[in-house]
Chemist: 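Quick one: structure below, then a few questions.
We count residues from 1, following the sequence as given.
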Amino acid sequence: MSDPAADFWDAIRTGDVNSAMELVSDDVTINLLPAKVNGGKEEARGFFAATVMAFPDLLLTTKNHFTGTDGTAVTEMKMEGTQAADYLGVVNQEKHIDLDQVWMLGTSDGRITSIRGFWDQNILYRRLAVKRLDAVSII
C-alpha cells in the first residue's frame, strides 16, 4: 500500500505541486504556525507553490519518517535551496537557506486530511538576510 505522505513529499521534491495536491482531500486543514498560514486546500496549494517557485533548486532531505497507527505521518527533513523570488514577504536576495523542519500529515483512506509544519522562523529569516523582524521585507 502506498504512503500518501511520502508520495506527497516526492511530488514536492520534483516541484510538481499539482500532483502533490491530488493526494490532498478537498476538506484538508493546514496549519503552518511559523508562516502564519492557516486554512484549507487553496492555502496549502499557495504555500507549496510559492515555496517551489521561490526555490527552484529546492532540496528536501528526509531525516526520519514514520506513520503512526492513527494515520499521522511525521517527517523530519531539511529544506535547502537558493532564493530566486520573494518568499513569505521577504525580498529576494538570492540567499541560500538550510532549514530543519518537522511536518505532521494526517492521512485517511489514502488521502491527506491535515498538514501541520514546524520550523524556527527566526532561522529562516536569518538565512534570508532579514535585518528587521518587525518588517521582514525591509533589507
Chemist: Please tell me if the side chains of V17 and R45 come closer than 4.5 Å, counting only heavy atoms from C-beta onward.
Modeler: yes
Chemist: First locate atom CG of D16, then atom CE of M21, and finally report the distance between them rounded to the nearest 0.5 Å.
Modeler: 11.5 Å
Chemist: Who are the salt bridge (Lys or Arg N to Asp or Glu O under 4.0 Å) partners of D100, not counting sequence neighbours?
Modeler: K63, K78
Chemist: Taking L99's backbone N and O only, do any of them form a donor-acceptor pair with R127's side chain (distance below 3.5 Å, no angle check)?
Modeler: no
Chemist: Kindly work out whether a path of hydrophobic side-chain contacts (I/L/V/M/F/W/Y, heavy atoms less than 4.5 Å apart) joins F118 to I115.
Modeler: no
Chemist: Do any N or O atoms from the side chain of S114 and from the backbone of G106 form a donor-acceptor pair under 3.5 angstrom?
Modeler: yes
Chemist: Would a 4.5 Å heavy-atom cut-off, applied to side chains only, mark E76 and H65 as touching?
Modeler: no
Chemist: Which heavy atom of L128 sits nearest a heavy atom of I97, and at what distance?
Modeler: CD2-CG2, 3.3 Å
Chemist: With distance as the sole test, does R111 use its side chain to make a donor-acceptor pair with the main-chain N or O of P4 at under 3.5 Å?
Modeler: no
Chemist: Would you say L32 and W119 make side-chain contact, with heavy atoms under 4.5 Å?
Modeler: yes
Chemist: Do V91 and M53 sit in the same hydrophobic cluster, where Ile, Leu, Val, Met, Phe, Trp and Tyr count as joined when their side-chain heavy atoms come under 4.5 Å apart?
Modeler: no
Chemist: Donor-acceptor pairs under 3.5 angstrom involving side-chain atoms of residues 5-12: please list them, not counting sequence neighbours.
Modeler:
from, atom 1, to, atom 2, distance (Å)
D7, OD2, S2, OG, 2.3
D10, OD1, R13, NH1, 3.3

Chemist: Has the side chain of S25 got a donor or acceptor atom that lies under 3.5 Å from a matching backbone atom of I112?
Modeler: yes
Chemist: Honestly curious: do L124 and V52 fall in one hydrophobic cluster under the side-chain, below-4.5 Å linking rule?
Modeler: yes
Chemist: Show the nearest heavy-atom pair for residues L33 and N31, with the distance to one decimal.
Modeler: N-OD1, 3.4 Å
Chemist: Taking the side chain as every heavy atom from C-beta outward, state whether L88 and Y125 have any atom pair closer than 4.5 Å.
Modeler: no
Chemist: Using only heavy-atom distances, determine whether the side chains of D70 and T72 contain a donor-acceptor pair under 3.5 Å.
Modeler: yes
Chemist: List the steps and the verdict of side-chain contact (heavy atoms from CB on, under 4.5 Å) for T107 and T113.
Modeler: CA-CA 5 Å; T107 65; T113 58; 5.7 Å; no
Chemist: Table please: side-chain donor-acceptor pairs of residues 79-87 below 3.5 Å, with sequence neighbours left out.
Modeler:
from, atom 1, to, atom 2, distance (Å)
T82, OG1, D57, OD2, 3.2
T82, OG1, H96, ND1, 3.3
Q83, NE2, A85, O, 3.0
Q83, NE2, V90, O, 3.2
D86, OD1, N92, N, 2.9
Y87, OH, T51, OG1, 2.8

Chemist: Taking the side chain as C-beta and beyond, is there a heavy-atom pair between T75 and T62 under 4.5 Å?
Modeler: yes
Chemist: Please report whether the ring centroid of W103 lies less than 6.0 Å from that of F48.
Modeler: yes
Chemist: Would you say V37 and E43 make side-chain contact, with heavy atoms under 4.5 Å?
Modeler: yes
Chemist: Tell me whether the count of non-hydrogen atoms from other residues, nucleotides or ligands lying under 6.0 Å of NZ in K41 goes above 12.
Modeler: yes
Chemist: Check the hydrophobic clustering (I, L, V, M, F, W, Y; side-chain heavy atoms under 4.5 Å; chains of links allowed) and say if V102 and L59 are grouped together.
Modeler: no
Chemist: List the atom of A73, the atom of T67, and the distance in Å for their closest heavy-atom pair.
Modeler: CB-OG1, 3.6 Å
